[in-house]
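Note that the structure is predicted; figures quoted are calculated from it, not measured. Naming convention: chains lettered A, B, ... in sequence-line order (proteins, then strands); numbering from 1 in each chain.
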Protein chains: 2
Amino acid sequence: MGRWEPDARGRLEQAALALYGERGFEQTTVAEIAARAGLTERTFFRHFADKREVLFAGAGSLQDLLVSTLDSTPDSAAPIDAIAAALAAAGARLQERREYARQRQTVIAANAELQERELIKLASLSAALADTLRRRGVTDPAASLAAEAGIAVFRIAFELWINDQRDLPQLIRESLDELKAVTAGE
Amino acid sequence: MGRWEPDARGRLEQAALALYGERGFEQTTVAEIAARAGLTERTFFRHFADKREVLFAGAGSLQDLLVSTLDSTPDSAAPIDAIAAALAAAGARLQERREYARQRQTVIAANAELQERELIKLASLSAALADTLRRRGVTDPAASLAAEAGIAVFRIAFELWINDQRDLPQLIRESLDELKAVTAGE
DNA sequence: TAAGTTGATGACAGTGACTGACATCGACTC
DNA sequence: GAGTCGATGTCAGTCACTGTCATCAACTTA
């Protein structure tokens, strides 16, 4: 056995989610999280840039999945449909950890600072999707708009999924159809 | 003359924007802002909830303008078009203080924390617009989607406006047309 | 196998954002 | 003239976050 218990990072993530759920984000100190994980406050900040980031560690891999799915979508698909397909794939991945996602979302919904962090992660996803579209030859502002609209669709569908029990990829497709109906103008 | 110089809040806003522009947001302490305004740190926090909020004091009145404009739009207009009209009105107001808006946006663009705050303000705008649509009888998720899509249109148009010299309400209308083209599916 | 290196962690002091409690004092009221 | 009020100042305290140096098991290399 090593000098330390393994997976310090994972223990910190678990301890943080548990404590944020029990007492709330603001009422939890980083020192308490670290203590529950058997570590010190200083070590927490070596693994996570700040107190919020511990809830968003998985965002990077989700973004990778989104981009690679979008990249492997045939160019024949319209940009907004290609994005929706990528979002549906990401949605399927999220759905595998429904209980975790729900618990995490409850914590985020209870705190404005965490919502801010979530919004900037979604904006980062949007930027990555727009970049990928541009590499496929989609010009701006169409690329940015398709990405932003896709993220909007995802947000709406995700919110429905948290409350209902329905299939997230399906909700994403339905939300996209709603958006198409809403924007079908003049 | 009163006991204190007038408009302490306004002086704090000016001092903060100037200092954030000169040295950057992180390199500026609240004590420095207060000193430049002839006040103390404690007084800063009586006027603004935190160090970021001093840049977002005008968000409330912009939201009021948006909502009242949307409220006075005839029900015959499609939801997305009513929202675009409200956004164009808000755009016209922003355009009256172009240089201020540009300076402020430069500061925000240079700092992730400020971008987070801006995103949650936009999300709040979106929620207010969706609420207003619901009061007009638009059902969800169409109301939320129209509001989110509208905010996406606004973001894209605003970014173009900062860089170009073109008319912001016009850019908003053009971005909406782009969105309609992008989402015109199958 | 002894010596050196590495990488994750601990210990500790320091800065700055933010808060609560209390004091101050000109303006305004009666 | 006494009392109240509202904006500000003062001060002590908590906690997020950072820089620096020490520790020590595992790994490397001669």
task = For residues A:Leu179 and B:Ala149, report the shortest heavy-atom separation together with the two atoms involved.
result =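 The answer is CD1-CB, 3.9 Å.
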Greater than 12 external heavy atoms within 6.0 Å of B:Gln14's CD = no
For atom [atom1] of [X] and atom [atom2] of [N], their distance in whole Å:
X        : N      : atom1 : atom2 : answer
B:Glu53  : C:dT19 : CD    : P     : 12 Å
B:Tyr20  : C:dA17 : OH    : C1'   : 11 Å
B:Glu113 : C:dC18 : CD    : C1'   : 14 Å
A:Leu12  : C:dA8  : CG    : C1'   : 12 Å
B:Phe48  : D:dA7  : CZ    : C1'   : 14 Å
B:Asp50  : C:dG16 : CG    : C1'   : 14 Å
A:Gln27  : D:dA16 : CD    : P     : 11 Å
B:Glu26  : D:dA16 : CD    : C1'   : 13 Å

task = Heavy atoms under 4.0 Å is the rule here; annotate nucleotides 8-15 of chain D 5' to 3' with B where the base is hit, S where only the sugar-phosphate is, and - elsewhere.
result = BBBB----
query = So, B:Arg155 versus A:Ser144: side-chain donor-acceptor pair below 3.5 Å or not?
reply = no
Taking [X] first and then [Y], would you say they form a salt bridge - that is, a charged N and a carboxylate O separated by under 4.0 Å?
X        : Y       : value
A:Lys180 : A:Asp81 : yes
B:Arg46  : B:Glu41 : no
B:Arg117 : B:Asp50 : yes

